[in-house]
Amino acid sequence: MVNELYPYIVEFEEETESPGLETHRKRKRSGDSDSIERDVAQEGEPGTGLDPRSSPTQCSVPAKKGEDASTKKESLGHWSQGLKISMQDPKMQVYKDEQVVVIKDKYPKARHHWLVLPWAPISSLKAVTWEHLELLKHMHTVGEEVIADCAGSSKLRFRLGYHAIPSMSHVHLHVISQDFDSPCLKNKKHWNSFNTEYFLESQAVIQMVQEAGRVTVPDGMPELLKLPLRCHECQQLLPSIPQLKEHLRKHWPK
DNA sequence: GTTCTAGAAC
DNA sequence: GTTCTAGAAC
């Protein structure tokens with residue numbers, strides 16, 4: 001029955017040959033507990049986001065362009081497709097079940113920052129219909145479970161939501177702690193994407209799908225990313241990223 | 001999404 | 001002079 005319900009999983013596996021994934025899912029299915037299945041490798045750099053410059057530039061020999069291999073790599077190896085690769089990598093997977101997988105964000109913008117992704121190849125919220133309602137609810141529930149499973153999470157506040165205009169392909173739910181204590185948080189766009197209306201609450205998205213059958217994103221989203229930096233806890237305006245980051249320390253849990 | 005860096009801002 | 005931001009990346 002799994003094949004009928006999730007034909008895309010089979011397709012994807014055949015394409016990418018991921019034997020690890022197969023055993024992994026079986027294990028989870030047979031276990032069938034509510035607890036989060038942890039299988040995290042603590043090593044760094046998974047190497048999913050290919051820097052367009054790093055590969056050709058490192059080589060002193062001016063490699064020819066337009067080869068079959070490099071052309072194919074362009075489409076699959078493009079940075080915007082990185083999540084599709086990461087989510088298939090067992091070393092990246094924090095949790096998985098029949099419908100979704102959770103990975104750590106490769107460049108976390110807070111102490112805890114996960115992405116919940118469906119196995120179904122849904123490119124973005126634009127492609128979401130009422131048929132995905134239960135899936136979106138499940139993604140939210142799984143996000144909350146990962147939080148509950150995380151040591152020290154009870155001291156932190158979390159938000160779950162989607163970026164109005166995501167850069168990475170494949171729909172992904174951000175689960176992020178509200179400390180925003182991370183060296184990867186570097187610019188205004190990073191801040192505003194999580195701290196303005198650009199961040200669409202998961203619950204609001206679910207409600208929208210429930211009532212309208214689709215997700216509509218208001219106009220003016222790109223402009224939100226350029227708004228002045230404002231503290232999400234006390235609304236104070238800060239003149240620069242370094243000063244914002246210094247200010248945020250005040251609100252860290254004690 | 002990130003890196004890199006010119007030149008604006010301080 | 002140094003810090004910081006913002007736009008290009010073929």
Side-chain angles (χ1 to χ4, degrees), chain A residues 43-89 91-94 101-110 112-118 121-127 159-176 180-196 198-200 217 220-231 236-249:
Chain A
E43 312 129 32
E45 293 316 305
T48 49
L50 302 180
D51 188 336
R53 331 168 159 200
S54 58
S55 39
T57 323
Q58 305 290 5
C59 183
S60 57
V61 181
K64 266 194 188 172
K65 274 178 65 180
E67 308 279 324
D68 309 346
S70 66
T71 304
K72 189 183 178 185
K73 207 173 184 181
E74 272 289 312
S75 51
L76 270 133
H78 189 264
W79 60 264
S80 64
Q81 307 303 307
L83 292 179
K84 299 186 202 304
I85 311 290
S86 294
M87 65 187 283
Q88 301 295 331
D89 181 356
K91 289 186 168 58
M92 303 290 316
Q93 296 163 345
V94 172
V101 61
V102 182
I103 61 176
K104 289 195 196 180
D105 193 295
K106 189 181 174 188
Y107 298 91
K109 303 305 186 294
H112 304 286
H113 187 182
W114 299 281
L115 304 178
V116 184
L117 305 107
I122 305 166
S123 59
S124 78
L125 289 180
K126 290 181 184 172
R159 289 183 77 198
L160 294 79
Y162 301 83
H163 280 155
I165 307 173
S167 298
M168 306 287 282
S169 185
H170 203 106
V171 72
H172 52 284
L173 172 65
H174 289 272
V175 178
I176 185 167
F180 294 105
D181 172 22
S182 165
C184 297
L185 179 55
K186 293 178 176 179
N187 59 46
K188 183 174 278 189
K189 176 173 179 177
H190 290 157
W191 178 257
N192 283 332
S193 71
F194 288 101
N195 292 287
T196 67
Y198 195 92
F199 189 79
L200 308 174
V217 175
M221 290 296 113
E223 291 67 53
L224 294 178
L225 298 177
K226 304 199 170 187
L227 288 174
L229 300 168
R230 188 181 289 279
C231 175
Q236 181 176 332
L237 280 168
L238 283 306
S240 71
I241 289 290
Q243 286 175 78
L244 170 63
K245 298 187 85 160
E246 177 59 31
H247 171 89
L248 290 176
R249 301 173 66 106

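Hydrogens, waters and symmetry mates are skipped; everything else that's a heavy atom, side chains included, is used. All chains are named by letter (A, B, ...) in the order of the sequence lines, taking the proteins before the strands, and each is independently numbered beginning at 1.
Between A/His170 atom NE2 and B/dG1 atom P the separation is 17 Å, expressed in whole Å. Counting to the nearest Å, the P atom of B/dG1 and the CG atom of A/Leu115 are 11 Å from each other. Rounded to whole angstrom, the span from the CG atom of A/Asn192 across to the P atom of B/dG1 amounts to 12 Å. A/Lys245 places its NZ atom 13 Å from the C1' atom of C/dC4, with the value rounded to the nearest Å. Protein atom CH2 of A/Trp79 is 15 Å distant from nucleotide atom P of C/dA8, rounded to whole Å.
Not counting sequence neighbours, the partners of A/Ser80 by the side chain to side chain contact (heavy atoms under 4.5 Å, CB included) test are A/His78. Every residue two or more places apart in sequence or in another chain was checked for a side chain to side chain donor-acceptor pair (under 3.5 Å) with A/Ser123, and none qualifies. Shown here are the salt bridge (Lys or Arg N to Asp or Glu O under 4.0 Å) partners of A/Asp181, two or more places apart in sequence or in another chain: A/Arg111. Residues forming a side chain to side chain donor-acceptor pair (under 3.5 Å) with A/Ser193 (at least two apart in sequence, or on another chain): A/His163. Checked against side chain to side chain donor-acceptor pair (under 3.5 Å), A/Ser124 has no partners two or more places apart in sequence or in another chain. With sequence neighbours left out, the side chain to side chain donor-acceptor pair (under 3.5 Å) criterion links A/Ser240 to A/Gln243. With sequence neighbours left out, A/His113 forms a ring-ring contact (aromatic ring centres under 6.0 Å, His included) with A/His174, A/Phe194.
Within 4.0 Å of A/His190, counting heavy atoms only, lie sugar-phosphate atoms of the nucleic acid but no base atom.
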Protein N or O to nucleotides 5-7 of chain C N or O, pairs below 3.5 Å:
residue	atom	partner	partner atom	Å
C/dT5	OP1	A/Ile241	N	2.8

Check step by step if side chain to side chain contact (heavy atoms under 4.5 Å, CB included) holds for A/Asn195 and A/Arg230. CA-CA 8 Å; A/Asn195 292 287; A/Arg230 188 181 289 279; over 6 Å; no

Taking Watson-Crick and G-U wobble contacts under 3.5 angstrom, with | marking pairs to another strand and [ ] crossing pairs, the secondary structure of DNA chain C is written |||||||||.

